[in-house]
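Just so it is clear: chains get the letters A, B, ... in the order the sequence lines come, proteins before strands, and each one is counted from 1. Only heavy atoms go into these numbers, but all of them, side chains included; no hydrogens, no water, no symmetry mates.
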Amino acid sequence: MGREARPVVERTTEIRTRFAPSPTGLLHIGGVRTALFSWAYARHHRGTFILRIEDTDRERSTDDAVQVILDGMRWLGLDWDEGPYFQTQRYDRYRAVIDQFLGDGRAYHCYCSKEELESMRAAQLARKEKPRYDGRCRGGREPVPGVVPVVRFRNPVEGEVVVHDVVHGPIVFQNSELDDLIILRSDGNPTYNFCVTVDDWDMRITHVIRGDDHINNTPRQINMLRAMGGEVPVYAHLPMILGPDGTKLSKRHGAVSVLQYRDEGYLPGALLNYLGRLGWSHGDLEVFALEEFVGLFDVEAVNKSASALNVDKIAWTNQQHMMRMSGAQLAPFLAEQLGRSGIDPAGRDLAAIAEALKERTRTLKEMAEGSQFFFRRPEAYEPKAAAKHLGADAQPVLAALRTALAGIAGWEAGALHECLTQLAEARGVGLGKIAQPLRVALAGSGVSPPIDQTLAILGRDESLARLDRAIAFAAGPA
RNA sequence: GUCCCCAUCGUCUAGAGGCCAAGGACACUACCCUUUCAAGGUAGUGACACGGGUUCGAAUCCCGUUGGGGACGCCA
């Protein structure tokens, strides 16, 4: 090879990828993973990432689903450089290609009725053949009165198509296995395989990264692409994501809207981290930020086999991300989560609360739940904890606690801690003996962040008030 | 049924012929730390689907079997 200098970025080498969901269902975790890899590939190569909505199925496409896609992508931070394009806005272009195909014989009208197609299919199945259109209208057929024909692409009958897939290697298909697919429905709507082909070519997509459920569509698309004089892009078919039980993703598992993960308290960066590790890895690296992923990601390192969702690991990954963030960074997320639970976070130091809880909760939702007592005085003591720590015998400890704390000079964690250890020493007991009753008095249960931090966050007045209430409770009605 | 894809611990994975009596992570168990809960630390249980080749040597290459998945639509 020559050693002449090549421009670092040639126009022809600009990487262009796209994410092309259909708004017929919710954007779920599987779609997000596809979007992530496609996006990361473009970003890694400083290319262009395009969002395209495939809405040619007018019956089932909904505005709602479109909205989830847009909101989901924004929430995750998967930004696009072009689009969103809508296929329904490109009908003129599709029509032009179809007319061109019709004109040069690369496509033809088919007048077969649904019944005719159905019996053809039944016969083939009976013969244990792969059901497919037998091409009976190929040679031309007189128009059937009252029937609006569909348009079929005339697929080559002989030869083979080789799909050069970056993750799977070459995949060979015999043209004899393919049939003449419908590219224009009788209602005038073009179909998926055709639109994808036109769009990927028009939008100069260089790398088609999508789920491997599309492998079988690829040879048809290549044939159509060649028919319109296009060049074949690089294909990368990603393995599927399965439900936790290893079966197809369904609503029961994880095929829920990606926005549900937001509502369940997952950080976008953590979800993307988890998804990035499904089918891809970089040595033993488990926890990484999105920017790091972009730097490391390479579609050639993607696995071929499907992977199952592991809910525990999503949660673990989320906690790892929370622990790497500061309380201040976490605060807005916690505020949002508290809002979902109808709690007004005003008047409290959310950064301090998040800091205190981030290593003891796995999701923001758990964090919001665990921090409830900071915002609302516990309505009742957790029975077991109360029985153990707020009985009549606890009264002396609580009273001593009240006196010691009330006399403290600076109400902050360090001084509070000092005060508590001194009190424990004075009474000749371990810290646990006084921390637990105090904890139950403040939090209502035996679980809370470290007691000195809890006191500090709660503040002097509120802490002493809760202590008084606990003292009264320990005195008991009877 | 036909075509296509896939196959390492329960799960996610490392492994691109010798460095592997198979490494890491989640989960699980035990212990340590400890003011609760966590986090953290240490140790442990646990896998190359099976059968043939190729090779001095195979988790790694080839073939077959089995198992799983996908596609076969006027859905995408």
Colleague: Let me see the working for A:Glu177 and A:Arg132 under salt bridge (charged side-chain N to carboxylate O under 4.0 Å, His left out), right down to the final yes or no.
Modeller: CA-CA 9 Å; A:Glu177 288 294 332; A:Arg132 60 198 206 274; 5.2 Å; no
Colleague: Cationic tip of A:Arg52 within the cone over A:Phe19's six-membered ring, i.e. under 6.0 Å and within 45° of the normal?
Modeller: no
Colleague: Map A:Arg220 and A:Ala308 onto RNA chain B by nearest heavy atom, then report which one ends up closer to the 5' terminus.
Modeller: A:Ala308
Colleague: For the C1' atoms, the ones on B:A43 and on B:C48, what distance do you get once it is rounded to whole angstrom?
Modeller: 25 Å
Colleague: Between protein and nucleic acid, restricted to nucleotides 66-70 of chain B and to nitrogen or oxygen atoms under 3.5 Å apart, what atom pairs and distances do you find?
Modeller:
from, atom 1, to, atom 2, distance (Å)
B:G70, N2, A:Asn216, ND2, 3.1

Colleague: From the options B:U35, B:U13, B:C6, select the nucleotide whose nearest atom is closest to the side chain of A:Ser307.
Modeller: B:U13
Colleague: Nearest to the side chain of A:Ile171, which nucleotide is it out of B:A76, B:U35, B:C4?
Modeller: B:C4
Colleague: Between B:C26 and B:C63, how far apart are the two C1' atoms, rounded to whole Å?
Modeller: 37 Å
Colleague: What's the closest nucleotide to the side chain of A:Gln436 if the choices are B:U36, B:G23, B:A76?
Modeller: B:U36
Colleague: For B:G44, give its Watson-Crick or G-U wobble partner with both distances under 3.5 Å, or none.
Modeller: B:C28
Colleague: Taking the side chain of A:Asp57 as heavy atoms from C-beta outward, which of B:A76, B:G24, B:U35 is closest to it?
Modeller: B:A76
Colleague: For B:C3, which nucleotide is its Watson-Crick or G-U wobble mate, given both distances must be under 3.5 Å?
Modeller: B:G70
Colleague: Using a 4.0 Å heavy-atom cut-off, does A:Thr24 contact any base of the nucleic acid, only the sugar-phosphate backbone, or nothing at all?
Modeller: nothing
Colleague: Do we see a donor-acceptor contact under 3.5 Å between the side chains of A:Asn310 and A:Tyr274?
Modeller: no
Colleague: Checking only heavy atoms, does the side chain of A:Arg439 share a donor-acceptor pair with the base of B:U35 at less than 3.5 Å?
Modeller: yes
Colleague: Using heavy atoms to find the nearest nucleotide of RNA chain B for A:Glu286 and A:Asp187 separately, return the residue whose nucleotide is more 5′.
Modeller: A:Glu286
Colleague: Strictly under 3.5 Å: I want the nitrogen or oxygen pairs between protein and nucleotides 39-47 of chain B, one per line.
Modeller:
from, atom 1, to, atom 2, distance (Å)
B:A39, O4', A:Glu359, O, 3.2

Colleague: Would you mind telling me which of B:A27, B:A76, B:C74 lies closest to the side-chain atoms of A:Asn193?
Modeller: B:A76
Colleague: A:Ser305 and A:Asn303: side-chain donor and acceptor closer than 3.5 Å?
Modeller: no
Colleague: Taking the C1' atom in each of B:U60 and B:G15, what is the distance between them to the nearest angstrom?
Modeller: 8 Å
Colleague: Hey, does the side-chain of A:Asn217 have a donor or acceptor N/O within less than 3.5 Å of a partner on the base of B:A71?
Modeller: no
Colleague: Using the C1' atom on both, measure B:G1 against B:G18 and round to a whole Å.
Modeller: 45 Å
Colleague: State which of B:C74, B:G73, B:C3 makes the closest approach to the side chain of A:Arg121.
Modeller: B:G73
Colleague: Pick the C1' atom in B:G46 and in B:G24, then give their distance to the nearest Å.
Modeller: 14 Å
Colleague: Identify which nucleotide among B:C5, B:A76, B:U35 has an atom closest to any side-chain atom of A:Ala435, counting heavy atoms from C-beta outward.
Modeller: B:U35
Colleague: When the C1' atoms of B:G44 and B:C37 are compared, how many Å lie between them, rounded to an integer?
Modeller: 25 Å
Colleague: Determine the Euclidean distance between corresponding C1' atoms of B:U11 and B:C28; express it in Å to zero decimal places.
Modeller: 12 Å
Colleague: Looking only at atom C1', what distance separates B:C33 and B:U42, rounded to whole Å?
Modeller: 11 Å
Colleague: Looking at B:G73, B:G1, B:A7, which one has an atom nearest to any side-chain atom of A:Ser305?
Modeller: B:A7
Colleague: Would the base of B:C74 count as contacting A:Ser186 through its side chain, where contact means a donor and an acceptor less than 3.5 Å apart?
Modeller: yes
Colleague: Taking the side chain of A:Asn310 as its heavy atoms from C-beta onward, which of B:U11, B:A76, B:C3 lies nearest to it?
Modeller: B:U11
